[in-house]
Amino acid sequence: MRHFDHHLYSNPIFAQSSINILTMTLAAQIKCATEDALKHLFPDTDINPASITINLTKPEFNGDYTIVLFPFVKQLRQKPDVLGKMIGDYLVEKCSLFTGYDIVSGFLNMTIKDGVWLSFLQNHFNDVHYGEKSGHDRRVMVEYSSPNTNKPLHFGHLRNIFLGYAVGNILHAVGEQVVKANLINDRGIHICKSMIAWQRYANGDTPERTGMKGDHLVGDYYVKFNDAYKAEIAELVAKGMDEAAAEKEAPIMKEAQEMLRQWEAGDKEVRSLWEMMNGWVYKGFEVSYKNLGVDFEKMYYESDTYLLGKAIVEEGLQKGVLYKKEDGSVWVDLTEEGLDHKLLLRGDGTSVYITQDLGTAKLKFNDFKLDQSVYVIADEQNYHMQVLKAILKKLGEPCADGIYHLSYGMVELPTGRMKSREGTVVDADDMMEEMINLSREQTEAAGKTEGFSQEELTKLYNTIGMGALKFYLLRVDPKKKMIFDPKESIDLHGFTATFIQYAHARICSILRKEGVPLLPDSTKFQSLHLADEILPAEKKLVVMLEQYPVIVENAAAEFNPSELCNYAFQLAQQFNSFYAEHSIAHAENEEKKQLRLMLIIMTAQVLRHSMNLLGIRLPEKM
RNA sequence: GGUCCGGUAGCUCAGUUGGAUAGAGCAUCAGCCUUCUAAGCUGAGGGUCAUUGGUUCGAAUCCAAUCCGGAUCACCA
């Protein structure tokens, strides 16, 4: 993904000569310098630049960055120690980054000049955009959430929502133009089930009359439908019908299917009931999304898109890419792609799930001239997405290559999968409320409520509770499934957002007492000359801060927000150790104090930036 | 059965193109608040990286086989 122009950096004194060098990470600069050293020391041998590995030096050794020597040992016919000395001497002499080196069994540990770290800090400590890249003008859509309208959001949806929102932000941070989209599944048998049950049992109840959130009200009737359905099946079975037949013959199910037919026929009454109940649900979702702190630039509705795709199928049929069976159904043969035969249109000409997805894929691309279209969808649909992409490719649709399935593992309960039909779900709204309550309890128990107004406390509990919830769902690699035990509350200690928030609040507290703003302008910090060496705890912090842009870039490349969780946690941890070891306000001298202030200002800034990408706020006081 | 994903400390998880003695958090145990916020810090114990073989200077990482768990293979969405 990233490549370097080797001609630009082949000059041994490039470190002073190029402006571009400022935008390169230290590790990348060291790699270039090493490549350059090898070229000069061994002009006759061609070294593959990809074989140069630069790592952070392990804490137990002397140095900052490590060049691994083994890859060249054989090709250059040199002993590691000899080779290391040659490269080390060359680099220290010719490259302005280094002050010395140390060789330990095949590893060349380079020490970076303190001045390099100081100028890094001076350049970036108050940069709000540190870690971001500016535009390569790629247009990307991230579709996430994509709920059904027959029930409220549950805990599993939250993983999808936080992932999608975070990935959108992360892609934006690396310079892409992002459209966050939501494809709402507002039609089909599921919503008809809620509608039937509402007609039968609600006596005209509305969210207004019951004071209930609309999505919850509609969800309750979905559960009622299934209860009634089960009862009717049991009754039929008791009368001697076998179970499979009973499932088909149950009157309430027949009513739902009939309602779906009426809906498709455009029946006025059914449509207006449908609009009313969906309206309730949207109002409810709106509240949930607002509380979750997420948003969308574009809403798609399946009632608008479910007929799309037929045209594409017709075209494919013309081209002979698809085939028709005797019963009139249309299929695609994907056996060459290692997949199966797949139905695209039923015998009666109606479309199936994949058909409409073919249409929406194209619609999205045309609406926004996309380069990439990301689908945040659970891994149970891996096959579906594979098929979708393969079909579009086979049909020669330009949108095919841009499709990326961000597949994530499902959230399960200790008892297994959540089943909304059986009401065993952990509700999203309840979960938020519980987390906010938990943070209130713990704040009160710790006696940390003094000096806050009531409004401030309300906001703080929200920040802590929602932060904990988001972090909990984002800290794990998306593709791994996770098990959530509702009996165990989400922790506020250790590897959590709270930990990061606390470190941030501590920094803010120091700055407040010192009368320094969170993001001071550079003037007061410009001339920093350090008499003493940078201490290990200080070094560790600045080294971590220098890593941040690479972390963001990786998170974007992998569509993986958990990398930011890990990084921010480690940074906060590093700050806490630093804080325990050294005083900032009472530093040994003025220079030290300045250095440390810059360090913590930048630490706070990077913590804020990274957590902001995840939609997690950091309080200034807690 | 085919395809795909996963298996790392008691539990939850890191470990980025193969790099030094495999790391965090929780839980357990022992220390640290007259000094910038103890929601914190320091330390200890805890491992057959599912198993076996292979590739090489070097494997948790790559390859093959096996075992275990999950998803999927609908004229459902």
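Proteins come first, then strands; the chains are lettered A, B, ... in the order of their sequence lines, and each starts at number 1.
Spacing of P atoms, B/U61 relative to B/U17, comes out at 12 Å, to the nearest Å. Separation of the P atoms belonging to B/C33 and B/A50 is 43 Å when rounded to the nearest angstrom. Across B/C68 and B/U52, the matching C1' atoms stand 15 Å from one another, rounded to whole Å.
Residue side chain A/F70 meets the stacking definition with respect to B/G19: its ring centre sits within less than 5.5 angstrom of the base's six-membered ring centre, and the planes differ by less than 30 degrees. By the 5.5 Å and 30° criteria, A/Y502 is not stacked with the base of B/G40. Ring stacking is absent between A/F495 and B/A24, as the pair misses the limits of under 5.5 Å between centres and under 30 degrees between planes.
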### Query
After noting the C-alpha distance and the side-chain angles of A/N62 and A/N109, does the key distance pass the side-chain hydrogen bond (donor to acceptor under 3.5 Å, both in side chains) rule?
CA-CA 7 Å; A/N62 218 348; A/N109 300 326; over 6 Å; no
#### Entry: CA sep, side-chain torsions, deciding dist, call: A/Y461, A/N437, side chain to side chain contact (heavy atoms under 4.5 Å, CB included)
CA-CA 7 Å; A/Y461 300 150; A/N437 283 337; over 6 Å; no
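Between the side chain of A/T25 and the backbone N or O of A/A28, at least one donor-acceptor pair lies under 3.5 Å.
Within the nucleic acid shown, A/H582 comes within 4.0 Å of at least one base atom, counting heavy atoms only. Using a 4.0 Å heavy-atom cutoff across all strands shown, A/N554 reaches at least one base atom of the nucleic acid. Nucleic acid contact for A/D477: sugar-phosphate only, since backbone atoms but no base atoms lie under 4.0 Å from a heavy atom of the residue. Using a 4.0 Å heavy-atom distance criterion, A/P80 is classed as making no nucleic acid contact. Within 4.0 Å of A/M622, counting heavy atoms only, lies at least one base atom of the nucleic acid. Residue A/E581 is classed as having no contact, given no heavy-atom separation below 4.0 Å to the nucleic acid. Residue A/N148 is classed as having no contact, given no heavy-atom separation below 4.0 Å to the nucleic acid. Within 4.0 Å (heavy atoms only), A/E558 reaches no atom of the nucleic acid at all.
Glycosidic conformation, B/C33: syn, with the torsion inside 90° of 0.
Side chain of A/F499, nearest nucleotide from B/C75, B/A20, B/G40: B/G40. Comparing B/C36, B/C41, B/A20 against the side chain of A/A580 picks out B/C41 as the nearest. Side-chain atoms of A/K513 lie closest to B/U37 of the nucleotides B/U37, B/C41, B/G19. Relative to the side chain of A/K479, the nucleotides B/G25, B/A38, B/G6 differ in distance, and B/G6 lies closest. Candidate nucleotides B/G7, B/G69, B/C75 were compared by shortest atom distance to the side chain of A/L343, and B/C75 ranks first. Nearest nucleotide to the A/F61 side chain, out of B/A20, B/U42, B/C73: B/A20.
For the OP1/OP2 pair of B/U37 and a distance below 4.0 Å, the side-chain nitrogens and oxygens of A/K621 include no atom meeting the criterion. Between B/C76 and A/R346, a contact under 4.0 Å exists linking OP1 or OP2 to a side-chain N or O. The shortest distance between the side-chain N/O atoms of A/K325 and the OP1/OP2 oxygens of B/C75 is not below 4.0 Å. The phosphate of B/U42 (OP1 or OP2) has a side-chain N or O of A/S577 nearer than 4.0 angstrom. For B/A77, neither phosphate oxygen OP1 nor OP2 lies less than 4.0 angstrom from any side-chain nitrogen or oxygen of A/Q356. A close approach under 4.0 Å does occur between a side-chain nitrogen or oxygen of A/H493 and OP1 or OP2 of B/G40. Of the side-chain N and O atoms in A/R506, one or more sit less than 4.0 angstrom from OP1 or OP2 of B/A38.
Under a cutoff of 6.0 Å and an axis angle of 45°, A/K621 and A/F452 form a cation-pi pair. Cation-pi geometry between A/R159 and A/Y408 is not met at under 6.0 angstrom from the ring centre and within 45 degrees of the axis.
When each of A/Y383 and A/V476 is assigned the nucleotide of RNA chain B with its nearest heavy atom, A/V476 is the one assigned upstream, toward the 5' end. Nearer the 5' end of RNA chain B, as judged by each residue's closest nucleotide, is the contact made by A/I54, out of A/F569 and A/I54.
Checked by distance alone, A/K448 brings a side-chain donor or acceptor within 3.5 Å of a matching partner on the base of B/U37. In terms of polar N and O atoms assigned as donor or acceptor, the side chain of A/N382 never comes within less than 3.5 Å of the base of B/U72 in a complementary pairing. A/T443 contributes a side-chain N or O that forms a donor-acceptor pair with the base of B/A39 under 3.5 Å. Interface remark: the A/N109 side chain does form a donor-acceptor pair with the B/A20 base, using a distance-only criterion of under 3.5 Å. Counting atom types as modelled, A/S562 pairs no side-chain N or O with a base atom of B/A14 as donor and acceptor under 3.5 Å.
Heavy atoms only, all atoms of each residue included: A/K31 and A/P49 are closest at CE-O, 3.4 Å. Residues A/E514 and A/A585 approach most closely at OE2-CB, 3.3 Å, considering heavy atoms.
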#### Entry: Pair assignment for RNA chain B - dot-bracket with | for other-strand partners, Watson-Crick or G-U under 3.5 Å
(((((((..((((.....[...)))).(((((.......))))).....(((((..]....))))))))))))....
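Shown are A/F61, A/Y101, A/Y65, A/F70; of these, the ring pair (Phe, Tyr, Trp, His ring centres under 6.0 Å) with A/F107 is made only by A/F70. Among A/L344, A/L343, A/L339, the one residue that satisfies the side chain to side chain contact (heavy atoms under 4.5 Å, CB included) test with A/V332 is A/L344. When each of A/Y300, A/Y301, A/Y353, A/W263 is checked for a ring pair (Phe, Tyr, Trp, His ring centres under 6.0 Å) with A/Y306, only A/W263 meets the rule.
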